[in-house]
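Following: one structure in structure tokens, then a few remarks.
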Amino acid sequence: MLRIAIFASGNGSNAENIIRHFNFSDRGAQVALVVSNRTDAGVLDRATRLGVPAQVLTRGDFNSPDHLLPMLQRYGIDFIVLAGFLMMIPEWLIKEYKHRIVNIHPSLLPKFGGKGMYGINVHKAVVAARETQTGITVHYVSEQYDEGEIIFQASVPLRPSDTPEDVEKKIHQLEANHFPIAIEKIIAGL
Ligand code: GRF
């Protein structure tokens, strides 16, 4: 049974969908750990409610191989999913988990990626650019923000009247429909 850690900084709706997908049926993998950098992240309550251990790390602990690696080993983590995680992943972790860390970005990369492009900022930029569609991108994590190899994309049409909040709702729906299944497929190919 492959063991997944989810890293998340915020609300955690993606984390919850992924946990529900893997932990309550036999899909060859399970979410064994949730890691956050914020004590007030909604994802922590969701993890607890769903019976998944959660750990909060300070920036120092997160960036220390002496702390993070033994912790991941203790939980037997084989694969890492970033779901709304707002800290830069250290290079040594990327090397240690080569092709075993994936991120979801709420746009059709390479559009609307890079520094500052997270959360509602992405959707504001999409609306300002009068895009007729947007979407989600699942990609491997490389040393640069949002620049790793793209694994999967799905798109959704936009109306001229859509606000950034409307776009956000559409994106969350798209993520719920596709992200857990995309992870299952990636893991099946390992
Ligand atoms: C998602 O839109 C994800 O694509 C992005 O951050 C958001 C996190 O939402 N990277 P949630 O915390 O999973 O609800």
Side-chain angles (χ1 to χ4, degrees), residues 4-24 31 33-50 52 54-57 62 79-89 93-94 101-129 131 133-158 162-186:
I4 302 169
I6 300 176
F7 291 10
S9 301
N11 176 34
S13 65
N14 278 286
E16 173 151 0
N17 291 335
I18 297 162
I19 294 168
R20 288 189 182 282
H21 183 81
F22 285 100
N23 289 26
F24 301 102
V31 180
L33 177 66
V34 165
V35 174
S36 186
N37 59 319
R38 298 187 56 124
T39 49
D40 59 350
V43 70
L44 298 172
D45 293 337
R46 294 184 194 254
T48 305
R49 211 175 349 100
L50 295 164
V52 176
Q55 296 277 349
V56 180
L57 297 187
F62 186 76
F79 193 84
I80 298 171
V81 174
L82 311 183
F85 189 64
L86 297 179
M87 276 179 62
M88 191 83 177
I89 303 301
L93 187 60
I94 296 171
I101 310 180
V102 298
N103 180 43
I104 188 156
H105 185 79
S107 76
L108 294 170
L109 290 176
K111 285 184 156 185
F112 308 103
K115 216 172 160 52
M117 282 292 146
Y118 61 87
I120 196 79
N121 295 349
V122 179
H123 312 312
K124 281 183 180 162
V126 165
V127 168
E131 295 289 306
Q133 61 164 12
T134 187
I136 57 172
T137 303
V138 179
H139 63 92
Y140 288 113
V141 173
S142 71
E143 285 83 346
Q144 257 63 50
Y145 269 126
D146 302 331
E147 283 183 13
E149 184 193 333
I150 291 175
I151 308 163
F152 172 85
Q153 291 186 307
S155 61
V156 62
L158 296 177
D162 279 340
T163 64
E165 289 72 24
D166 296 329
V167 179
E168 187 171 47
K169 277 194 202 115
K170 288 184 175 181
I171 288 294
H172 269 123
Q173 192 55 54
L174 210 57
E175 290 175 337
N177 293 345
H178 294 286
F179 194 25
I181 294 167
I183 294 167
E184 191 180 343
K185 286 189 181 149
I186 296 163

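Counting starts at 1 for both ligands and their atoms, in listed order.
- At a 3.5 angstrom cut-off on N or O pairs, Asn14 counts as close to ligand 1.
- Any N or O atom pair closer than 3.5 Å counts here, and Ile171 shares no such pair with ligand 1.
- Rounding to the nearest 0.5 angstrom, the gap separating the CG atom in Leu44 from the CD atom in Gln55 is 10.0 Å.
- The protein non-hydrogen atom at the shortest distance from atom 10 (N) of ligand 1 is Ile104 O, 3.2 Å.
- Residue Asn11 approaches ligand 1 through these ligand atoms, each under 4.0 Å from one of its heavy atoms: 12 (O), 14 (O).
- Side-chain N or O atoms of Thr137 include one that pairs as donor or acceptor with a backbone N or O of Leu109 at under 3.5 Å.
- With Lys170 contributing its side chain and Pro157 its backbone, the two residues share a donor-acceptor pair below 3.5 Å.
- Contacts with ligand 1 closer than 4.0 Å are made by side-chain heavy atoms of His172 only, the backbone lying farther away.
- Checking side-chain atoms of Ser36 against main-chain N and O of Ala41 turns up no donor-acceptor pair under 3.5 Å.
- For the pair Gly12 and ligand 1, a heavy-atom separation below 4.0 Å is found.
- Scanning the protein heavy atoms around atom 2 (O) of ligand 1, the nearest turns out to be Glu175 OE2, 3.0 Å.
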Worksheet entry | Pair Arg20-Glu16, side chain to side chain contact (heavy atoms under 4.5 Å, CB included): steps then yes or no | CA-CA 6 Å; Arg20 288 189 182 282; Glu16 173 151 0; 2.8 Å; yes
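- Judged by distance alone, with hydrogens and angles left aside, the side-chain atoms of Asn23 form a donor-acceptor pair with the main-chain N or O of Val31 at under 3.5 Å.
- Regarding atom 14 (O) of ligand 1, its nearest protein heavy-atom neighbour is Ser13 OG, 2.6 Å.
- Counting only heavy atoms of the protein, atom 8 (C) of ligand 1 lies nearest to Gly84 CA, 3.9 Å.
- For Thr48, there are no side chain to side chain contact (heavy atoms under 4.5 Å, CB included) partners, not counting sequence neighbours.
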